Amino acid sequence: MTAIALVPAAGSGSRMGSAQPKQYLPLAGQPLIWHTLSALHAVPELERVVVVISPDDQVWDSHDWSAFDRLQVLRVGGDTRAQSVLNGLEALRAEYPAASAPAPAPARKLERVSISISLDVFPREATPQPELSQDGPWVLVHDAARPCIDPALVSGMIARLQHDPVGGILAVPVADTLKLARPGERIAHTQPRTGLWQAQTPQMFRLHALADALAGGTGADITDEASALERLGHSPVLVMGSPWNLKVTYPQDLRLATLVLAAHAEQQD
Ligand SMILES: Nc1ccn([C@@H]2O[C@H](COP(=O)(O)OP(=O)(O)OP(=O)(O)O)[C@@H](O)[C@H]2O)c(=O)n1
Ligand SMILES: C[C@](O)(CO)[C@H](O)COP(=O)(O)O
């Protein structure tokens, strides 16, 4: 079973408000992304760790990445996270050509309804979804901005999903009560939270299936890989993640990430 990690690292970190992109900010003595790459290199099932950086990235080459023996860097970052991921996938496709064209969507079966006139108006069952290509390696897309990922969680995810026809994501159930805000930062109402999960990364899908899904559009509605598969009607698996697998987004997240990395280090001692 071949699995490749794809690490989108071409963002500008605007919510962090730092002078340099947040993936290079110092964290526990290394650039933030160093910890992400280190964790992924501790996953034996990953054959390669491919980092997607901006074509204009001025920082990457100033660091020493020689400790990472499975690392490949692609300067194909795009204007959005989804576009950066798709650009990276397209580069990988050239190495892993699809064995077959994706199967066409099966014809919709319509149910005949007897009324004063008879029309084929309702599909008998949920529209069957187009087969997902099973070609190519599994790709685990993991945010550079999630440096505290536990390698054991990634190995467990691969074991859980490697025979799944769709793939899946790390996620955690929502634990807090959710409020919808109205203008003026006052509560409009409480959002029902039953069944709600917070998506994390890695998100694990077959190379061609994911590239085909993202090629369908990388607009603002596609904020993770799973949403592109959902758009096709698929239902990726939810694999339990960890609250420690935070995405470093705001300045205060750096302190929390420092504490989590220290806790991980204590566990290993
Ligand atoms: N055009 C982009 C935007 C984001 N990312 C990456 O996607 C991950 C998650 O995105 P986010 O946390 O939003 O990072 P930024 O886009 O840099 O942050 P912001 O939205 O605050 O600008 C990050 O590792 C980021 O580097 C990317 O590869 N290409
Ligand atoms: C992919 C992700 O980390 C899942 O929660 C999240 O959608 C990334 O969002 P961002 O705004 O691009 O950081």
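Counting starts at 1 for both ligands and their atoms, following the listed order. Note that the coordinates shown come from a computational prediction; the quantities given were computed from them, not determined experimentally.
Among Arg146, Arg81, Lys22, Gln23, the residue whose heavy atom lies closest to atom 12 (O) of ligand 1 is Lys22.
Under 4.0 Å from ligand 1, not a single heavy atom of Gln83 appears. In Lys247, the part holding a heavy atom less than 4.0 Å from any atom of ligand 1 is the side chain. In Ala9, the part holding a heavy atom less than 4.0 Å from any atom of ligand 1 is the backbone. Contacts of Val52 with ligand 1, taken as heavy-atom pairs under 4.0 Å, are absent altogether.
Taken from CG in Leu180 to CD in Gln191, the straight-line distance is 5.0 Å, to the nearest 0.5 Å.
Between Pro31 and Pro26, every side-chain heavy-atom pair lies at or beyond the 4.5 Å cut-off. Proximity of Leu74 to Ile53: side-chain heavy atoms (C-beta onward) are nowhere separated by under 4.5 Å. Side-chain contact between Leu89 and Leu6 is present, with heavy atoms from C-beta onward closer than 4.5 Å.
Surrounding CG of Asp61 are more than 12 heavy atoms belonging to other residues, nucleotides or ligands, all under 6.0 Å away.
Checked by distance only, ligand 1 and Val248 stay at 3.5 Å or farther apart across all their nitrogen or oxygen atoms. For ligand 1, none of its N or O atoms has an N or O atom of Asp143 under 3.5 Å away. The N/O atoms of Arg15, backbone and side chain alike, include one that comes under 3.5 Å of an N/O atom in ligand 1. Here's the thing with Gly11: one of its N/O atoms is less than 3.5 angstrom from an N/O atom of ligand 1.
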*Please walk me through it: do Glu266 and His264 pass side chain to side chain donor-acceptor pair (under 3.5 Å)?*
CA-CA 5 Å; Glu266 272 174 33; His264 277 169; over 6 Å; no

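Within the structure, the closest approach of Gly78 to ligand 1 falls below 4.0 Å when heavy atoms are considered.
Close contacts between ligand 1 and Ala145 involve ligand atoms 24 (O) [criterion: under 4.0 Å to a heavy atom]. Of all atoms in ligand 1, numbered sequentially from 1 with element shown, those under 4.0 Å from a heavy atom of Ala144 are 24 (O). For ligand 1, the atoms closer than 4.0 angstrom to any heavy atom of Ser84 are 1 (N), 2 (C), 27 (C), 28 (O), 29 (N). Residue Asp79 has at least one heavy-atom neighbour below 4.0 Å for each of these atoms of ligand 1: 1 (N). Under a 4.0 Å criterion applied to the non-hydrogen atoms of Gly13, ligand 1 contributes the atoms 15 (P), 17 (O), 18 (O), 21 (O), 22 (O). Numbered from 1 in the order shown, with element, the atoms of ligand 1 that lie under 4.0 Å from a heavy atom of Ser12 read 17 (O), 22 (O).
Residues forming a side chain to side chain donor-acceptor pair (under 3.5 Å) with Arg15 (at least two apart in sequence, or on another chain): none. Annotation: side chain to side chain contact (heavy atoms under 4.5 Å, CB included) contacts of Pro21 (sequence neighbours excluded): Gln23, Tyr24. Every residue two or more places apart in sequence or in another chain was checked for a side chain to side chain contact (heavy atoms under 4.5 Å, CB included) with Glu185, and none qualifies.
Ion pairing of Arg81 with Asp143 is present here, as a side-chain N (NZ or NE/NH1/NH2) and a carboxylate O approach within less than 4.0 Å.
Under a 3.5 Å cut-off, the side chain of Ser84 and the backbone N or O of Thr80 do form a donor-acceptor pair. When atom types are taken as modelled, the side chain of Glu47 and the backbone of Ala3 share no donor-acceptor pair closer than 3.5 angstrom.
Taking both residues in full, the closest heavy atoms of Pro202 and Val154 are given as CG-CG2, 4.0 Å, listed atom of the first, atom of the second, then distance.
Protein residues with a heavy atom under 4.0 Å from ligand 2 are Arg15, Arg81, Asp143, Arg146, Ala199, Thr201, Thr223, Asp224, Lys247.
Ring planes of His41 and Phe68: tilted class, angle from 30 to 60°.
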